[in-house]
Structures are given as C-alpha cells and as structure tokens.
Amino acid sequence: MKQPRGTQDFLPPASERFWALEKLGADIFERAGYGRAITPMFEDTDLFERGVGEATDIVNKEMYTFKDRSDHSLTLRPEGTASVMRAIVTHHLWDNGLPIKLYYDAAMFRYERPQKGRFRQHHQLGIEAVGSEDPALDAEVIEIGHNLLREAYVGPVALLLNSMGHRGPNCRDRYLPALRAFLEQHREELDADCKRRMVVNPLRVFDCKVPADQAILANAPMLNDFICDDCRAHLAAVQGYDGLVEEIGGPALPGIGFGLGIERILLAQEAAGAGTAPAVLDCYVIPLEQAARSEAVRLMRRMREAGLAADMAYVERGLKTQLKHADRTGARFAALIGEKELAVGVVTMRDMTSGEQNEVPLDEATSWLGEHAS
RNA sequence: GUGGCGUUAGCUCAGCCUGGUUAGAGCGUCGGGUUGUGGUCCCGAAGGCCGGGGGUUCAAGUCCCCUACGCCACCCCA
C-alpha cells in the first residue's frame, strides 16, 4: 500500500517541523491582527473558474473537479484566495469595518505531475488583507511574509521589491513590447528555453537559471521605468515603510495577500541544513518488574498532571534496552522502579546526561523532577 | 500533458553492461557479552514475491515490452 500519487505522509520527526511552521505562521499572523479563516476544502467549481485568474494552467488542467450525487460540480480548492474572498462576500464581512484581515493554513489540491517540492496535495500558509489601498497595508503584508521566512529559515532571506503596475495602455502594457524588443536584440545569445519563452511569455525569461542569460537580463528594461506615475508613487510609498527593499458579487474592494507553501519552506530548511530537534521528555518511567507497573503508571500520571512531559516503557524488555529507548526519546531523566525501590517507597531518578542517580521518595518524585528537569 | 533517468532488506546503496548453484554491504531493529544501568566496543539473529504484469531463454534481479510510482527538465506554480 502506498499513498496516492503526489501525496505524502508526514510522520515524526518530519511532522514536528511541519507543525512548528504552522504554529509559527499562526503566531505571526495573529500578532498582526489577522484572524483565521477555515473554509471548506471544496467549493462550487465556478468559484475557481472565475476567481483564480482566467487562463492559468490551474484552471485549464489542474483542478480536481467532480460531481456529487446531486450532479453539482465541485472542485477541491487549488488555492486559498478564492475561498477567502467568497467567505467575505457570503458573510458581508465589510460591515464590521475595513480592512478585513484573514489568514489560512490549509491543504490545496492540484492535479499535476509530481516533482520534488510539487505535490497533488500541498499546504499553504497565507493571508489576505481586503478593503484598504493604504501602501502601509501592502508593506505590512510583505513584511509579514518576509518575517515568516526569516524566522522559519536558518539561512539569509533576500527580499526584492518590484511593481507590475496596473493593466492599462500607459502602464504595464507599455512594458512587454519594450522587453520583447530588448530580448530580440540578444536573441542569439539566449539559450533555447529562453528563446521559446521570449515569444510565449516574455516575463518568464527572468526565471531563467542559466548564468549567461542572467547576465544579459541584468541590462533588460526595468518595469519601474514604464509604469504610470500613480503606480510608481504607490510602490515608492510601500518601499518607504520601515526600509523594505524589494469579483464575486461584493463591492469593489482592493486586496493584497500571499500564499507560502509549507512543503517548500521545509525543503529550504533542509537545504539550509536545519536539523530536527528531537521530541524531549522530562522523564521516561521504567518499571523493572511486573509488580512495579501500576506504581510506574501512577508516577507517570502525576508527572503529566504537573505539566511535565512523561512517557513509560510499555513493553517488557531488559533494563539495558529500556535505557536505550529512554535515550532515544531524549528524556532528561529515567525513573527506575523495581523491587528495590518498591520495598522502601522510592524511585531511582537517573540523569540521562551525566549518569548520576538519586533515590527520591515516590511522593516527592514529581516535585523533584520539576526542579531538576528545567 | 511532453521528454529523460530511476525502482534490489525498515533506510542508503552494490550486483544488471558481459543471464547460470543459498542476492550482498553499511546503517537501523532485536538478542547476547553485563540475570538492575543507555549513548563506545565485540558477537549473533531476524529481515528480500529484486515495484507489478507479460515476453525471450534450458535458465531472468540481470535482456525486451507494458504498467505503477519516484526524481530531473519543460509547462506551470506553492
């Protein structure tokens, strides 16, 4: 049995890093005033067909679309923004004041050919800020994304800021012809992929990974030189904040947001050499004989009730093996209870780092651990 | 959806080109050396429809085809 193509299981210790990222995101978002939006995993198909952006491959060939028993066409969400916007409209959230600030942490589904860092089910952390054109809000969203990456990574993060301007004859529309003309001049110096992209989607040429091509592109016309005065002023305003370098039936509200792929951040963490912090127990309780088991269970329970992390050996094996298991859990202490201990009502607390052992009365073991485990 | 490379023990891989008795290694697991003491060391054991199916052959892990899955490039994107 294997999981379906393009899906994956996250198990310890990988799941711990996954969960840590989710917690980090939630913490950063909520501290900035964003509330979590939990929306359905599937929506009416036409929401995505209208909302995602007309001609992208996501709509054209990547959607998990199916019909339910009532013949309604539904689609597993391929991205987060459309659902959040729909929820805003459904619940008239603008009535509670603007801007509306929401975040999501959810699985996305796209029927694609899997690759490293690319899956049929993946997960995104994202935020949406709707209802204000204040450049400070743009800056906030960018800053939050930047902070999330910075805090998640163990390597440096570079933030590059640019503006696409807005669609229109005196703004973004002037840029593409200029870029094409530039690329045409350097046609023979570019590699085959770029020559093709040049015609199909000129902006994609900037994604080229060939160093020689990148050198040429450094001299390409700059988008910033072509966008209109209003757009330029807005970008400048965004840049000005804290030194950053880089339609569904509701009212017309401006919006800004981002989505970050959890799997890709995990990949970047690995590339940066991030280790996995092992789960750490305060104490691993080891009953040495059958007769000590119930006392061991009671001891463990008391530790847990005191807010300490405790586990115990549920499988009968030699002490040698039990200590090996204790070691693997990363436990700070091992609590040994056997005949000897039971006879005098103590427990042997073994410091797993130093090997030092102390006999502690059973009813004091929890408070003793509380003092020594920190 | 297109092209390329892969798939052998729980994990990482060797063996395949030049078919031939019981398919190997390291790590991990379990046990023992130490019948109540881990992280080092030594010894031992378990663990494999060689991804699945079909074909060629006296004989297939090895050669051929199909298929599933993974990875890389394209497309696109997180």
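Protein chains get the first letters and strands the later ones, always in sequence-line order, with residue 1 at the start of each. Computation of the quantities below employed the complete heavy-atom set of this structure, encompassing side-chain atoms and omitting hydrogens, waters and symmetry-equivalent molecules.
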Any donor and acceptor pair, going by atom type alone, linking the side chain of [X] with main-chain N or O of [Y] inside 3.5 Å?
| X | Y | result |
| --- | --- | --- |
| A/E62 | A/R110 | no |
| A/D44 | A/L47 | no |
| A/S132 | A/P99 | no |
| A/N358 | A/V360 | no |

Span that lies between the [atom1] atom of [M] and that of [N], in whole angstrom:
| N | M | atom1 | result |
| --- | --- | --- | --- |
| B/rG15 | B/rC63 | P | 12 Å |
| B/rC30 | B/rG38 | C1' | 16 Å |
| B/rC5 | B/rA45 | P | 41 Å |
| B/rU62 | B/rG54 | P | 14 Å |
| B/rG52 | B/rA60 | C1' | 16 Å |
| B/rG24 | B/rC64 | C1' | 27 Å |
| B/rA73 | B/rG10 | C1' | 32 Å |
| B/rC13 | B/rG19 | P | 27 Å |

[X] side chain near [N] phosphate (N/O to OP1/OP2, under 4.0 Å):
| X | N | answer |
| --- | --- | --- |
| A/R118 | B/rC76 | no |
| A/T321 | B/rG31 | yes |
| A/H325 | B/rU29 | no |

Practice item. Looking only at non-hydrogen atoms, find the nearest pair between A/M300 and A/D311 and report the distance. Key: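 Smallest interatomic distance, heavy atoms only, reads SD-C, 3.6 Å.
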
Check your understanding: If every non-hydrogen atom of A/L369 is compared with every non-hydrogen atom of A/D282, which pair is closest and at what distance?
Key ->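 Minimum heavy-atom separation between A/L369 and A/D282: CD1-O, 3.8 Å.
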
Rounded off to whole Å, could you give me the [atom1]-to-[atom2] distance for the [X] and [N] pair?
| X | N | atom1 | atom2 | answer |
| --- | --- | --- | --- | --- |
| A/D105 | B/rA78 | CG | C1' | 13 Å |
| A/F48 | B/rC77 | CZ | C1' | 16 Å |
| A/F109 | B/rC77 | CZ | C1' | 17 Å |
| A/K116 | B/rC72 | NZ | P | 5 Å |
| A/R5 | B/rU67 | CZ | C1' | 12 Å |
| A/L148 | B/rA78 | CG | P | 15 Å |
| A/E316 | B/rU35 | CD | C1' | 14 Å |
| A/F119 | B/rC69 | CZ | C1' | 14 Å |

Please evaluate the base of [N] for a donor-acceptor partner in the side chain of [X] within a cut-off of under 3.5 Å?
| X | N | answer |
| --- | --- | --- |
| A/R110 | B/rA78 | yes |
| A/D327 | B/rG38 | yes |
| A/Q322 | B/rU37 | no |
| A/R204 | B/rC75 | no |
| A/E112 | B/rA78 | yes |
| A/R328 | B/rG38 | no |

Practice item. Would you please test A/R317 and A/Q322 for side chain to side chain donor-acceptor pair (under 3.5 Å) and show each step? Key: CA-CA 6 Å; A/R317 270 192 283 252; A/Q322 303 290 30; 4.9 Å; no

Check your understanding: Starting at the 5' end of RNA chain B, which residue's closest nucleotide do you reach first, A/E263 or A/Q3?
Key ->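 Closer to the 5' end of RNA chain B: A/Q3.
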
Exercise for review: Between A/S354 and A/R196, just flag the one whose closest nucleotide in RNA chain B comes earlier from the 5' side.
Suggested key: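 Whichever sits nearer the 5' end wins; that is A/S354.
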
May I ask you to say what [X] touches in the nucleic acid, namely base, sugar-phosphate or nothing, with a heavy-atom cut-off under 4.0 Å?
| X | answer |
| --- | --- |
| A/I265 | nothing |
| A/G355 | base |
| A/E356 | nothing |
| A/G80 | nothing |
| A/R120 | nothing |
| A/G117 | base |

Review point. Between A/F109 and A/H122, does the ring centroid distance fall short of 6.0 Å?
Key: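 Ring centroids of A/F109 and A/H122 are no less than 6.0 Å from each other.
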
Review point. Do A/Y34 and A/Y103 make the cut of ring centroids closer than 6.0 angstrom?
Key: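 When the ring centroids of A/Y34 and A/Y103 are compared, they turn out to be at least 6.0 Å apart.
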
Could you identify the nucleotide paired to [N], looking across every strand shown and requiring Watson-Crick or G-U wobble geometry with both distances under 3.5 Å?
| N | value |
| --- | --- |
| B/rA14 | none |
| B/rC50 | none |
| B/rA60 | none |
| B/rG44 | B/rC30 |
| B/rU35 | none |
| B/rC5 | B/rG70 |

Exercise for review: Applying side chain to side chain donor-acceptor pair (under 3.5 Å), run through A/Q121 and A/T7 and close with a yes or a no.
Suggested key: CA-CA 5 Å; A/Q121 175 177 342; A/T7 66; over 6 Å; no

Practice item. When you get a sec, tell me which of B/rC74, B/rU37, B/rC71 is the closest nucleotide to the side chain of A/P114? Key: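 That would be B/rC71.
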
Point to revise | Selected nucleotide, minimal atom distance to A/K340 side chain, candidates B/rC77, B/rG36, B/rC75 | key: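 So the nucleotide nearest the side chain must be B/rG36.
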
What nitrogen or oxygen pairs link the protein and nucleotides 3-5 of chain B at under 3.5 Å?
from	atom 1	to	atom 2	distance (Å)
B/rG3	O6	A/R113	NH2	2.9

Practice item. State, yes or no, whether a side-chain contact exists between A/M85 and A/V130 at a heavy-atom distance under 4.5 Å. Key: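 Contact flag for A/M85/A/V130 side chains = yes.
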
Review point. Can you give one letter per nucleotide of nucleotides 41-47 of chain B, 5' to 3': B if a protein heavy atom sits under 4.0 Å from the base, S if only from the sugar-phosphate, - if neither?
Key: -------

Exercise for review: I would like to know whether A/E128 and A/T81 meet side chain to side chain donor-acceptor pair (under 3.5 Å); could you show each step before the answer?
Suggested key: CA-CA 7 Å; A/E128 308 288 347; A/T81 301; 2.6 Å; yes

Check your understanding: So, are A/K23 and A/D27 salt-bridged, with charged N and O less than 4.0 Å apart?
Key ->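 Answer for the salt bridge query: no.
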
Exercise for review: Check step by step if side chain to side chain donor-acceptor pair (under 3.5 Å) holds for A/H234 and A/D138.
Suggested key: CA-CA 9 Å; A/H234 188 89; A/D138 290 13; 2.6 Å; yes

Review point. Ring stacking, A/H122 with base of B/rA78, under 5.5 Å and under 30°?
Key: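 Stack criterion met.
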
